[in-house]
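Everything below concerns the one structure shown next.
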Protein chains: 2
Amino acid sequence: MPKKRTYHHGDLKNALIKAGVEILAQDGVSGMSLRKVAMKAGVSHSAPYSHFADKQALIAAISTEGFRQLYERMSAVAEGYNSQPSKQLVEAAWTYIQFALDDPDRFKVMFSGVLEKEKEYPEFVAESQRNFQLVKSIVESNQAAGILRSGSSDLMALSAWGIIHGFAMLLLEGQIPHAILELKSLRKLVEFQLKQIMLA
Amino acid sequence: MPKKRTYHHGDLKNALIKAGVEILAQDGVSGMSLRKVAMKAGVSHSAPYSHFADKQALIAAISTEGFRQLYERMSAVAEGYNSQPSKQLVEAAWTYIQFALDDPDRFKVMFSGVLEKEKEYPEFVAESQRNFQLVKSIVESNQAAGILRSGSSDLMALSAWGIIHGFAMLLLEGQIPHAILELKSLRKLVEFQLKQIMLA
DNA sequence: ACCTGAACACCGTTCAAGT
DNA sequence: ACCTGAACACCGTTCAAGT
């Protein structure tokens with residue numbers, strides 16, 4: 001048990017990130033206050049300011065950690081289907097949707113502009129780019145296999161990400177008509193979305 | 001000047017919605033407090049409660065009004081290009097992106113889950129469905145013209161909306177790599193996105 | 001019916017003080 | 001260096017009271 005490094009409880013910074021994620025899952029975006037997070041971590045309400053400049057900085061850290069986990073899950077799936085490009089694409093998309101549904105409020109924090117000046121957080125930017133690179137490499141495998149149109153893999157990656165991300169956002173926001181959700185399973189819907197950009 | 005209906009200033013409800021939209025554009029989602037909105041409308045901080053159950057209800061009204069305006073702009077464009085399906089699709093998408101960029105924070109409020117229990121606001125649901133029907137009708141014209149694949153127009157509308165909405169969200173969130181944004185104009189990017197789901 | 005002003009619980013942030 | 005507790009300005013919501 002490698003814990004306690006200093007006198008109090010060692011790694012408050014990460015404890016706050018963890019507590020933040022939990023409160024986010026419980027109480028939603030609007031219910032996540034810095035004071036609640038501090039209390040959950042067992043410190044005073046001003047203790048977080050020893051580790052984060054302000055609430056935005058904690059949110060940045062939570063988002064960055066989210067991107068890291070998203071990358072881990074997506075890249076594991078991508079490796080697993082390395083030799084089957086079309087499966088790789090579908091399974092990665094499915095993983096993305098599941099990630100969104102697993103913790104909708106964290107996903108919203110990561111992608112809905114709760115973080116206001118993302119450029120001020122270089123780790124956030126780096127993790128986000130890492131994910132885009134992963135999508136790009138999946139897209140390139142699919143282009144090489146003749147499953148996706150050729151052309152700029154940057155732009156194709158944007159299309160692939162966009163169509164799945166758009167689906168995820170509409171899903172979380174309850175904007176997808178019930179009739180459609182009843183018609184097909186979520187999995188089938190994701191596959192249908194992707195088929196739209198795939199070659200016959 | 002058809003104003004003042006009652007003793008004070010007539011239509012506080014709509015004045016609050018208008019004030020809310022303005023504050024949203026100025027101070028962003030996190031800066032829009034009910035008290036500021038009330039002050040801007042020239043009433044006490046508790047006056048809004050005569051017209052809205054709570055802050056969520058005001059947000060619902062702002063979102064609903066946003067959907068109404070989006071519908072107006074989109075349907076005007078759709079009618080203008082009635083006889084040219086492919087132009088109709090591209091121009092409608094472009095209008096959607098412009099709507100998002102015109103007032104990013106209102107767009108985020110409409111689509112980013114700031115509104116927590118959207119089903120409790122029937123007008124919101126109705127306006128949202130009206131917009132989906134419009135997208136569906138544009139999609140159907142394009143299917144008839146052989147520009148989009150045939151098949152369920154509900155699912156195709158979801159794809160078309162999804163790819164543009166996803167692009168809009170990534171754009172607003174600053175998730176689109178700079179290299180890509182420098183490569184092509186926004187308009188070209190939107191056209192590229194749509195081309196992905198169009199038949200060669 | 002619509003609006004005000006005081007009140008309450010809660011929030012983000014700062015700062016002097018403690019270890 | 002890291003944390004506490006008091007303090008401040010601000011917030012959403014309620015409620016008795018006024019018109």
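Values below: all heavy atoms of this structure, side chains included; hydrogens, waters and symmetry mates excluded. Every chain is numbered from 1, with letters handed out A, B, ... down the list of sequences.
Counting to the nearest Å, the C1' atom of D:dC3 and the NZ atom of A:K13 are 16 Å from each other. Here D:dA1 presents its P atom at 18 Å from CG of A:D11, a figure rounded to the nearest Å.
Within the 3.5 Å criterion, the main-chain N or O of B:V109 finds no donor-acceptor partner in the side chain of B:S112.
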All N/O contacts under 3.5 Å from nucleotides 10-13 of chain D to the protein, with atom names and distances to one decimal?
unit_1, atom_1, unit_2, atom_2, d
D:dC11, OP1, B:S33, OG, 3.1
D:dG12, OP1, B:L34, N, 2.9
D:dG12, OP1, B:K55, NZ, 3.2
D:dG12, OP2, B:L34, N, 3.0
D:dG12, OP2, B:R35, N, 3.2
D:dG12, N7, B:R35, NH1, 2.5
D:dG12, O6, B:R35, NH1, 2.8
D:dT13, OP2, B:Y49, OH, 2.9
D:dT13, OP2, B:K55, N, 2.9
D:dT13, O5', B:Y49, OH, 3.2
D:dT13, O4, B:R35, NH1, 3.4

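Remark: B:Y81 engages B:V77, B:Q84, B:K87, B:Q88, B:E91 in a side-chain contact (heavy atoms from CB on, under 4.5 Å) (not counting sequence neighbours). Every residue two or more places apart in sequence or in another chain that forms a side-chain contact (heavy atoms from CB on, under 4.5 Å) with A:E140 is listed here: A:K136, A:Q143, A:S153. Applying the side-chain contact (heavy atoms from CB on, under 4.5 Å) rule to A:A145 yields the partners A:P85, A:I147; only residues at least two apart in sequence or on another chain are considered. Evaluation of the ring-ring contact (aromatic ring centres under 6.0 Å, His included) rule for A:F111 yields A:F67, A:F107, A:H165 as partners, not counting sequence neighbours. Every residue two or more places apart in sequence or in another chain was checked for a side chain to side chain donor-acceptor pair (under 3.5 Å) with A:K195, and none qualifies. With sequence neighbours excluded, the residues that form a side-chain contact (heavy atoms from CB on, under 4.5 Å) with B:L199 are B:R149.
Close to C:dT4, at under 4.0 Å from its OP1 or OP2, lies a side-chain N or O of B:S44. In terms of phosphate contacts, A:H51 brings no side-chain nitrogen or oxygen within less than 4.0 Å of OP1 or OP2 of D:dA1.
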(request) Give the dot-bracket string for DNA chain C, reading 5' to 3', where a pair is Watson-Crick or G-U wobble with both distances under 3.5 Å, ( ) marks pairs inside the strand, [ ] marks pairs crossing earlier ones, | marks a partner on another strand, and . marks unpaired. (result) ||.|||||...|||||.||
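Counting only residues at least two apart or in different chains, salt bridge (charged side-chain N to carboxylate O under 4.0 Å, His left out) contacts with residues 17-26 of chain A comprise A:E22-A:K40.
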